[in-house]
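Written below as structure tokens is the structure these notes are about.
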Amino acid sequence: MLRSFETLTGLKFFVLSAPDSKHLEQVLRDMYVLHSDFVLKNPFYENDSVLKCEVFDLKLREIADDYNRR
């Protein structure tokens with residue numbers, strides 16, 4: 001199943017999941033907060049450029065792992 005979250009600015013986040021998955025809205029919101037911390041608050045990030053950051057990848061993996069432990 002495809003789940004999505006759209007921000008007020010039009011940014012969209014998507015996640016693929018099993019049909020019976022629950023609480024994915026919170027996972028998508030957590031992803032948005034993480035994205036905000038690494039992109040929107042970063043003065044050196046250029047719009048539409050690829051986000052290459054090991055810490056971002058690690059934190060995103062932690063969100064997924066925390067969800068899978070529930």
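Positions are given from 1, in the same order as the sequence printed here.
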Distance, nearest 0.5 Å, that separates [atom1] of [X] from [atom2] of [Y]:
X: Q26; Y: L24; atom1: CD; atom2: CG; value: 10.5 Å
X: L40; Y: T7; atom1: CG; atom2: OG1; value: 8.5 Å
X: L60; Y: D57; atom1: CG; atom2: CG; value: 7.0 Å
X: L58; Y: D65; atom1: CG; atom2: CG; value: 9.5 Å

Same hydrophobic cluster for M31 and L11, using side-chain heavy-atom links shorter than 4.5 Å among ILVMFWY?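 Yes, because M31 and L11 connect within a single hydrophobic cluster, where side-chain heavy atoms sit under 4.5 Å apart.
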Which Ile, Leu, Val, Met, Phe, Trp or Tyr residues join L16 in one cluster when any pair of side-chain heavy atoms under 4.5 Å counts as a link?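 ILVMFWY cluster around L16 also holds L2, F14.
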With sequence neighbours excluded, give me every salt bridge (Lys or Arg N to Asp or Glu O under 4.0 Å) pair touching residues 1-11. R3-E25
Could you give all pairs that pass the salt bridge (Lys or Arg N to Asp or Glu O under 4.0 Å) test and reach residues 26-43, with sequence neighbours left out? D37-K41
Can you give me every donor-acceptor pair (side chain of residues 47-55, partner residue at least two apart or in another chain, under 3.5 Å) with its distance?
{"from": "S49", "atom 1": "OG", "to": "E46", "atom 2": "O", "distance (Å)": "2.6"}

Which label fits F13 and Y32: parallel for a plane angle under 30°, tilted from 30 to 60°, or perpendicular past 60°? perpendicular
Restricting to ring-ring contact (aromatic ring centres under 6.0 Å, His included), what partner residues turn up for F38, sequence neighbours left out? F56
Report the residues that fulfil side-chain hydrogen bond (donor to acceptor under 3.5 Å, both in side chains) with R61, sequence neighbours left out, ordered by chain and then residue number. none
